[in-house]
Structure formats: structure tokens, C-alpha cells
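As C-alpha cells, the structure follows; a few thoughts come after it.
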Amino acid sequence: LFSTGAADTCQVTVTQPRFQEADYSTHTVFLTCAFSASGCSSSSPNVLWFRFLANEHEDLCTPGCTDHQKYKVHLLSENNISLQINDLTVDDNAVYICGIAFSNSGSPRSKQTGDGTVLTKTAEKQNSNGKVIFMIIASSLLFLYSTTVFTFFVVYKKISSGRKIFQAIAQELQKQRYTEHCRQPDDLEDDTVYQNR
């Protein structure tokens, strides 16, 4: 009975750094977790890692990691653990929680989690600058294209309106010539009729 009671006094405390920031050029990050255990068995505890995104909770290593290429758990010393995150992107920004569990203990304090580490990877500056430069170039090209099309349209309108005016003048001249040409025989007939009378 005393040995069972002693086993139930297992008490775990887990501590994590509150924040960890990674530069945009960082591809691998290590999140640390420290724990202390009193009254627990000498067997190694289960190390668990979870993360909380904006709208969901995700199990990363419980205790086996879901993605062995992305996540790895390292035992740094007897009471210090780290979670290695590879191929780090801004999508990995989340709250990472470390959990320690002595599964052979029935004590409610034998399974504890830390308060979590807020991991933040800054966005790639070069990429954002590149996007801004691309937008400026694209806007400039679009402006030049619009200006060229507008100028071409105006010039074409002037040319076509000039052609219309020229065509109208030519048609008017043609009409005048045609009328003059048609009137001449009538005038001659009128003169001859008048002379005969």
C-alpha cells in the first residue's frame, strides 16, 4: 500500500519559453522544453508535442512524430527536450505545447503540459520587396501599353476623320462635276431651241 501511495505522489512541472522568433532565412528551428519530476518512477517519461493553429489543434509527436522528416524530438539532457522543426515556413507559426507523461503513474500530476511557446517566423523580405518591384514594373508596363493604345486610337481617329473629310470633299467635287457635266447638254439644248425660235 505504501509503495502504491508513493507512486501516486508523482508530480511533474513543465516549463517552456513563451516566445521564439525565427528569421525569414531560417529553415530549421529547435523549441526547448524543460521538466522536473518528483516522486516519479525512474523510467523515462513519454514526451508529447502539440501545436495550436488559428482554428485547429494538431498532434505532432504523441510520442511518435506524425511526420518524421518535418519533426524530430531530441533529449538534450535528463530533463531537457527539444522539438526540431525542419523546412520552416510562415505556415508553421503557431503555439507549440510540450507535454510530459509518466504513464505508469496514476497521479493526476504525473501528466503535465507547459504553457506553450509562440513560434513566429517572419515573412521573407526579399520576396515581399520582389512582389512590390514586380507590381511597379507591371503597373508601368500597363500604363505604357494603355498610353500607346490610346495614342494609336487618337491618331487613327484623326487619320480616319481626315480620310472621311477628304472623301466627303472628293464626293462633293465629283457631284459638282457630275452636275455640271449633266447641265451642259441641257443648256446647249435650251440655247438651240431659243435660237430656232
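The figures here come from the full heavy-atom set of this structure, side chains too, leaving out hydrogens, waters and symmetry mates.
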* Asked: If you measure from CD1 on Ile100 to CD on Gln112, what distance do you get to the nearest 0.5 Å?
  -> 10.5 Å

* To do: Please report the closest heavy-atom contact between Pro63 and Asn46, naming both atoms and the distance.
  => CG-OD1, 4.3 Å

* Reported CZ-to-OG distance for the pair Phe102 and Ser44, which is rounded to 0.5 angstrom -> 8.0 Å

* **Minimum heavy-atom distance between Ala94 and Arg51, given as atom pair plus value** => CB-CD, 4.1 Å

* Within the side chain of Asn79, is there an N or O that forms a donor-acceptor pair under 3.5 Å with the backbone of Ala34? -> no

* Is there a donor in the side chain of Glu78 and an acceptor in the side chain of Asn80, or the other way round, less than 3.5 Å apart? -> no

* Asked: Are the side chains of Ile85 and Thr28 in touch, meaning some heavy atoms are under 4.5 Å apart?
  -> no

* Asked: With no hydrogens and no angle check, do the side chains of Ser105 and Ser107 hold a donor and an acceptor under 3.5 Å apart?
  -> no

* **Full working for side-chain contact (heavy atoms from CB on, under 4.5 Å) between Leu88 and Leu119** => CA-CA 11 Å; Leu88 192 69; Leu119 175 64; 4.0 Å; yes

* For atom NZ of Lys72, decide whether the heavy atoms of other residues, nucleotides or ligands shown that lie under 6.0 angstrom number more than 12. => no

* Asked: When rounded to the nearest 0.5 angstrom, what distance separates SG in Cys61 from CD in Gln84?
  -> 10.5 Å

* Inter-residue atom distance Gln16.CD - Cys98.SG, 0.5 Å rounding -> 5.0 Å

* Out of curiosity, does Val29 fall in the hydrophobic cluster containing Tyr71 (side-chain heavy atoms, cut-off under 4.5 Å, transitive links)? -> yes

* Is Ile81 close to Val73 at the side-chain level, that is, under 4.5 Å between some pair of heavy atoms? -> yes

* Asked: Do Ser43 and Asn104 have a side chain donor and acceptor closer than 3.5 Å?
  -> yes

* Determine whether Glu21 and Thr122 make a side-chain contact, defined as any pair of heavy atoms from C-beta on separated by less than 4.5 Å. => yes

* Answer yes or no: is there a side-chain heavy-atom contact under 4.5 Å between Val14 and Cys33? => yes

* Asked: If you measure from SG on Cys10 to CZ on Arg109, what distance do you get to the nearest 0.5 Å?
  -> 11.0 Å

* **Taking every non-hydrogen atom, the tightest pair across Leu48 and Ala101** => CD1-CB, 4.4 Å

* Whichever hydrophobic residues join Val90 through chains of side-chain contacts under 4.5 Å -> none

* Structure fact -> What one should report as the nearest heavy-atom pair of Lys70 and Asp92 is NZ-OD2, 2.7 Å

* Could you check if a side-chain atom of Ile97 sits within less than 4.5 angstrom of a side-chain atom of Phe52, using non-hydrogen atoms only? => yes

* Going through the checks in order, is the salt bridge (Lys or Arg N to Asp or Glu O under 4.0 Å) test met by Asp91 and Lys121? -> CA-CA 9 Å; Asp91 294 331; Lys121 178 173 180 172; over 6 Å; no

* **Working for side-chain contact (heavy atoms from CB on, under 4.5 Å), residues Asn93 and Leu53** => CA-CA 8 Å; Asn93 289 352; Leu53 300 163; over 6 Å; no

* Asked: Can you check side-chain contact (heavy atoms from CB on, under 4.5 Å) on His57 and Phe50, steps first, answer last?
  -> CA-CA 7 Å; His57 155 264; Phe50 316 92; 3.6 Å; yes

* **Atom pair CG (Leu31) and CG (Leu60), whose distance is rounded to the nearest 0.5 Å** => 9.5 Å

* Between Thr117 and Gln20, do the side chains contain an N or O donor and an N or O acceptor separated by less than 3.5 Å? -> no

* To do: Considering non-hydrogen atoms only, spot the tightest contact between Thr62 and Trp49 and give its length.
  => CG2-O, 4.3 Å

* Asked: Is there a path from Phe19 to Tyr96 through hydrophobic residues (I, L, V, M, F, W, Y) whose side chains come within less than 4.5 Å of each other?
  -> no

* Asked: Taking all atoms of both residues into account, what is the closest heavy-atom pair of Pro45 and Phe35, and its distance?
  -> CG-CZ, 3.9 Å

